[in-house]
Amino acid sequence: MRDYLLTLCVTAAVTYLLTGPVRKFAIATGAMPEIRARDVHREPTPRLGGIAMFFGLCAGLLVADHLQNLNSVFELSNEPRALLSGAALIWLIGVLDDKFELDALIKLGAQMISAGVMVAQGLTILWLPIPGVGVVSLTPWQGTLLTVALVVLTINAVNFVDGLDGLAAGMVCIAAAAFFLYAYRLWYGYTIEAAAPATLFTVILMGMCLGFLPHNMHPARIFMGDSGSMLIGLILAASAISITGQVDPDALKIFEGSTREATHAALPVFIPLVLPLTIIAIPMADLILAIVRRTWKGQSPFAADRGHLHHRLLEIGHSHSRAVLIMYFWSALIAFGTLAYSVHSASMWIVLCVVALSAIGLVLLLLPRFTPRAPRWAESVVPPRYRRRKRVPVVEAAPDPVVVEEERIPVPAGINGATAIGNRGRFTDRRKAGTPS
């Protein structure tokens, strides 16, 4: 665990320290697109944060290769090299997209090619443990198609949820933490060496997200862009592929005893089929709803709109920070709830805790729909929004002379602009993006 913590800290430190220079580089190269109608932010913000995240990935792999307890991952498996190859390709396409706005079909083709590069180097699904059937071996074509499908779905799910400051990085960090605990338990609890690459991938992914989050929290000074969202989506998919199709269920020695005991014992094997979906359950739901919504309107599935889940939270009345925290809450509840159930499936307390936390989450979700008023004796200890409004008597006064103020013109963002490197402009345009002036 000490070596994993060291790898995490180095990855986070490199990502954090490089994000500042990358921000200045993005401003200098003009990687600051204009605000679109679907955007939530109100000031042009540089992209290319994925550059710092990619170098954090390289630093984490380099450090792990020189640690005695983690060096065996590189000696016994080719998966780290396969991950780095696929990550470099998808990162390069993301950098070009952040600068030149590539077509959606080109990015989709690049995602498939990146998955194919990993498959060609051995990072693929070899078999699937299916409940009630057992272990099913896959042909090379079946494994390739399933691997490519999982990579493409995960990348686009993470990319779709990247709409608020700190949302994608935080949700992926939560998912990686849950996956790390699961993979670490398989490796050291069951002494399965095949789970070692996934354990390393997830801890590096956590470091990348933690190092980038301080720069990306609201109000964000830099966005990760497609170079970052597609990169962390690919690493998350690679972790799921590594542990799903590489761990041999027979090594756990679970198919012994009665049928009921074997079923409960088999959950650590079957959970990889569910855990990759649960940790990205909210991004995946957002992806499916977006495709259905756009095709129902006769639009392309790749057309952008303001109908994502985070947009709906803002429309309900949540603030930017509260909407992000609510998404964090649901991601953690689903991911860690599934993880806890895989460890103690016979415990009813886990189910009750998940149900209770779900109820709390629903209350928080619908909180802006009602504004309860506190009694007068408690008004001094509650926030102002819950206090009763006091009636102020209307006093007629002489009209004040009309003072004409000069129109405040927002300072445009640029390499020397006030919103680019220095402090943010004091007078910002409060109109919604895309509305006529």
Side-chain angles (χ1 to χ4, degrees), residues 50 54 57-58 60-61 64-65 73-94 96-97 104-130 135-159 172 175-176 179 182-183 186 192-202 204-205 208 226-227 229-249 269 272-277 279-280 283-284 287:
F54 178 75
L57 168 66
C58 296
L61 292 175
D65 189 21
V73 178
F74 297 86
E75 296 178 351
L76 302 178
S77 174
N78 197 43
E79 293 182 12
R81 300 176 185 85
L83 171 68
L84 186 59
S85 301
L89 178 58
I90 200 66
W91 168 75
L92 180 60
I93 296 297
L96 295 177
D97 179 68
L105 293 179
I106 295 179
K107 293 190 290 184
L108 181 62
Q111 295 168 10
M112 294 181 178
I113 295 175
S114 301
V117 169
M118 294 193 300
V119 170
Q121 300 187 55
L123 186 55
T124 182
I125 299 177
L126 303 177
W127 53 70
L128 286 178
I130 301 177
V135 179
V136 177
S137 298
L138 301 178
T139 63
W141 277 108
Q142 291 174 341
T144 300
L145 292 177
L146 190 58
T147 302
V148 172
L150 184 58
V151 170
V152 172
L153 284 176
T154 307
I155 289 177
N156 286 280
V158 175
N159 194 18
V172 172
F179 221 141
Y182 173 76
L186 280 188
I192 298 177
E193 291 289 339
T199 311
L200 177 61
F201 296 164
T202 50
I204 291 178
L205 182 58
M208 295 166 58
D226 283 359
S227 59
S229 61
M230 292 197 299
L231 175 64
I232 61 179
L234 181 135
I235 299 174
L236 185 61
S239 304
I241 292 168
S242 175
I243 205 169
T244 300
Q246 303 291 336
V247 175
D248 186 4
V269 182
L273 301 176
V274 183
L275 192 57
L277 300 179
I279 58 182
I280 57 171
M284 194 66 69
L287 173 62

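Since the structure is predicted, the reported quantities are computational estimates derived from the model, not experimental observations.
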For the [atom1] atom of [X] and the [atom2] atom of [Y], what is their distance to the nearest 0.5 Å?
| X | Y | atom1 | atom2 | result |
| --- | --- | --- | --- | --- |
| Gln121 | Arg81 | CD | CZ | 9.5 Å |
| Leu57 | Phe201 | CG | CZ | 9.0 Å |
| Ile90 | Ser227 | CD1 | OG | 10.5 Å |
| Trp91 | Leu234 | CH2 | CG | 14.0 Å |
| Ile93 | Met230 | CD1 | CE | 7.5 Å |
| Leu96 | Asp226 | CG | CG | 11.0 Å |

Handout entry: Beyond-backbone contact of Ile204 with Ile235, side-chain heavy atoms, under 4.5 angstrom
Key = no
Problem - Met208 vs Leu231 side-chain heavy atoms within contact, under 4.5 Å - result: yes
Heavy atoms only: give me the nearest [X]-[Y] pair and the separation to one decimal.
| X | Y | answer |
| --- | --- | --- |
| Ala198 | Ser239 | CB-O, 3.7 Å |
| Thr199 | Ala183 | OG1-CB, 3.3 Å |
| Gly233 | Val158 | CA-CG2, 4.0 Å |
| Ala238 | Leu83 | CB-CD1, 3.6 Å |

Mind listing the side-chain donor-acceptor pairs of residues 112-120 below 3.5 Å, one per line with the distance, residues two or more places apart or on another chain?
from	atom 1	to	atom 2	distance (Å)
Ser114	OG	Ala110	O	2.9

Handout entry: Under the side chain to side chain contact (heavy atoms under 4.5 Å, CB included) test, residues paired with Ser137 that sit two or more places apart
Key = none
Practice task
Mind checking side chain to side chain contact (heavy atoms under 4.5 Å, CB included) for Ala64 and listing every partner two or more places apart, or none if nothing turns up?
Solution key: Thr7, Leu70, Phe74, Leu200
Practice task
Show your reasoning for whether side-chain contact (heavy atoms from CB on, under 4.5 Å) applies to Ile243 and Tyr182.
Solution key: CA-CA 10 Å; Ile243 205 169; Tyr182 173 76; 3.6 Å; yes
Exercise for the section: For Ser229, check side-chain hydrogen bond (donor to acceptor under 3.5 Å, both in side chains) against everything at least two apart and list the hits. Expected result: Asn159
Problem - Residues that Ser77 engages under side-chain hydrogen bond (donor to acceptor under 3.5 Å, both in side chains), provided they are two or more places apart - result: none
Atom pairs and distances, donor-acceptor, side-chain atoms in residues 143-150, under 3.5 Å, two or more places apart:
from	atom 1	to	atom 2	distance (Å)
Thr144	OG1	Pro140	O	2.7
Thr147	OG1	Thr124	OG1	3.1
Thr147	OG1	Ile125	N	3.2
Thr147	OG1	Gly143	O	2.7

